[in-house]
Amino acid sequence: MDFVHPEIDPSYATQLKALHKPGNPIIFANIYDIGSLGALLSLNDESPPSLKPVQAVATASYALAETIGLRDDELSMEQNLRSVASIGFFVRHAKLPLSVDLQDGYPEKEVECVQRAIRLGASGANIEDSIPKTGYAKGLEGSLYAMDVQTERIKRIISAAADLGVPDFVINARTDAMRLTPLPEKALEETIKRGKAYLEAGATTVFVWGGKRGLRNEEVKLLVREFNGMLAVKLSDAPDALTVNELKEIGVARISVGPSLWLMAMNTLRSSAKRILEGGRLYV
């Protein structure tokens, strides 16, 4: 199917940016294909107009890659944008803003990448400062782009969006200092320094991911204070992880789940298939 996209509408980016409110955050149940998008959008179909739970849509590159048989660090810009093309078409039809996970922005192609994403319906993007093919085990200098390099890239991306008439394009600037293994001694200090620089460069929010460890309660509170509330976090799957309501109370501006819904769906498929193949019923 060929996806014909409408003219660029900057109002969706303005709408998306306005949804990032400390203490009343935008909540993303990240999707990864047309099927998962349809399931998500059905929640709005089942709700009265004033209570539609899905206010915007976001993709997760890890899950996008897995659906086409790749690892996250193998997903090319072309493959990522191909997914954005189909998803963006249906999100725009639903009259919702779309935030896309563009990984590290594909260095040296970031301007082309973001402008093509905008033409495909994106109103915002997740841009990370970790180097996909390097992994998280080579420390601050080996696993992350230099702060000044990443700051300039954020500025270029925002300028490229403005050149297309979308000055409110939302950058969720992810920093992975707290994701490194082993965790550097000054990881939190580095996170704050980078986050402030990215906000100063024009990012709407700073996304801090704590990996499997997750962010601690006091760390989230500190980051909210340091970033004036413009903190984005991923829900952790740790048993004692902070809930959506607890994160709201602390004052974050954005909450997402990354590839968690894809992982949960695959676990359900596996366990259900196992039960059927072992002679059981379709449903428990």
Side-chain angles (χ1 to χ4, degrees), residues 3 5-6 8-64 66-67 80-81 83-102 117-118 120-126 166 168-172 174 204-205 207 209 229-237 241-249 251-268:
F3 298 100
H5 291 269
I8 295 169
D9 186 343
S11 69
Y12 284 98
T14 303
Q15 178 183 346
L16 180 61
K17 181 167 282 191
L19 290 170
H20 290 70
K21 300 175 183 176
N24 185 24
I26 175 65
I27 303 170
F28 288 109
N30 303 68
I31 55 88
Y32 44 88
D33 60 12
I34 300 303
S36 58
L37 173 62
L40 180 68
L41 294 179
S42 71
L43 298 176
N44 280 359
D45 297 336
E46 298 166 1
S47 305
S50 61
L51 296 175
K52 292 186 182 297
V54 183
Q55 297 179 298
V57 175
T59 64
S61 68
Y62 181 101
L64 288 177
E66 290 287 342
T67 61
N80 197 335
L81 291 175
S83 295
V84 172
S86 56
I87 290 169
F89 175 83
F90 290 103
V91 173
R92 184 56 57 86
H93 183 71
K95 300 186 183 307
L96 292 173
L98 172 65
S99 179
V100 294
D101 185 351
L102 296 181
I118 289 171
L120 294 172
S123 298
N126 189 79
V166 190
D168 289 329
F169 190 78
V170 172
I171 294 293
N172 185 38
R174 170 173 153 180
T204 300
T205 45
F207 174 29
W209 183 34
M230 301 311 288
L231 174 68
V233 296
K234 177 187 175 296
L235 281 181
S236 170
D237 58 2
L242 293 167
T243 65
V244 166
N245 286 337
E246 288 169 337
L247 289 166
K248 282 184 178 180
E249 187 174 343
V252 306
R254 176 173 174 143
I255 301 171
S256 60
V257 300
S260 295
L261 292 181
W262 176 81
L263 291 167
M264 293 166 68
M266 292 305 102
N267 284 335
T268 297

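We count residues from 1, following the sequence as given. Since we're looking at a predicted model, the values are computed, not measured.
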Asks: Is it true that atom CE of M264 has more than 12 heavy atoms of other residues, nucleotides or ligands lying nearer than 6.0 Å?
Replies: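 Not buried by this count: 12 neighbours or fewer within 6.0 Å.
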Asks: Under a 3.5 Å threshold, yes or no: a donor from one side chain and an acceptor from the other, between N245 and T243?
Replies: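 No - no donor-acceptor pair under 3.5 Å links their side chains.
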Asks: Counting heavy atoms not belonging to E249, are there more than 12 under 6.0 Å from its CD?
Replies: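 Not buried by this count: 12 neighbours or fewer within 6.0 Å.
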Asks: Do the numbers put R92 on top of the ring of Y12, so that NZ or CZ is under 6.0 Å from the six-membered ring centre and no more than 45° off the axis?
Replies: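 Geometry flag: set, cation within 6.0 Å and 45°.
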Asks: Is any side-chain heavy atom of K234 closer than 4.5 Å to one of P259?
Replies: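 Touching, per the 4.5 Å side-chain cut-off.
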Asks: Taking the side chain as every heavy atom from C-beta outward, state whether F169 and K17 have any atom pair closer than 4.5 Å.
Replies: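 SC-SC contact between F169 and K17 ruled out.
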Asks: Test your reading of the model: is there a side-chain donor-acceptor pair from N80 to the backbone of D101, 3.5 Å cut-off?
Replies: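 Present.
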Asks: So with a 6.0 Å cut-off around NZ of K52, is the heavy-atom count from everything else above 12?
Replies: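 More than 12 within 6.0 Å, yes.
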Asks: Measuring from M230:CE to N172:CG, what's the distance to the nearest 0.5 Å?
Replies: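 Those atoms lie 9.5 Å apart.
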Asks: Quick check: does any side chain N or O of N30 sit under 3.5 Å from a backbone N or O of V257, one acting as donor and the other as acceptor?
Replies: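 Looks like yes, one N/O pair under 3.5 Å.
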Asks: What class does the angle between the rings of H20 and F28 fall in, given that below 30° is parallel, 30 to 60° is tilted and above 60° is perpendicular?
Replies: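 Because their plane-to-plane angle lies in the 30° to 60° range, the rings of H20 and F28 count as tilted.
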Asks: Report the residues that fulfil side chain to side chain donor-acceptor pair (under 3.5 Å) with S123, sequence neighbours left out, ordered by chain and then residue number.
Replies: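 For S123, no residue satisfies side chain to side chain donor-acceptor pair (under 3.5 Å) once neighbours in sequence are set aside.
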Asks: Are any non-hydrogen side-chain atoms of W262 and D33 less than 4.5 angstrom apart?
Replies: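 No - every pair of side-chain heavy atoms lies 4.5 Å or more apart.
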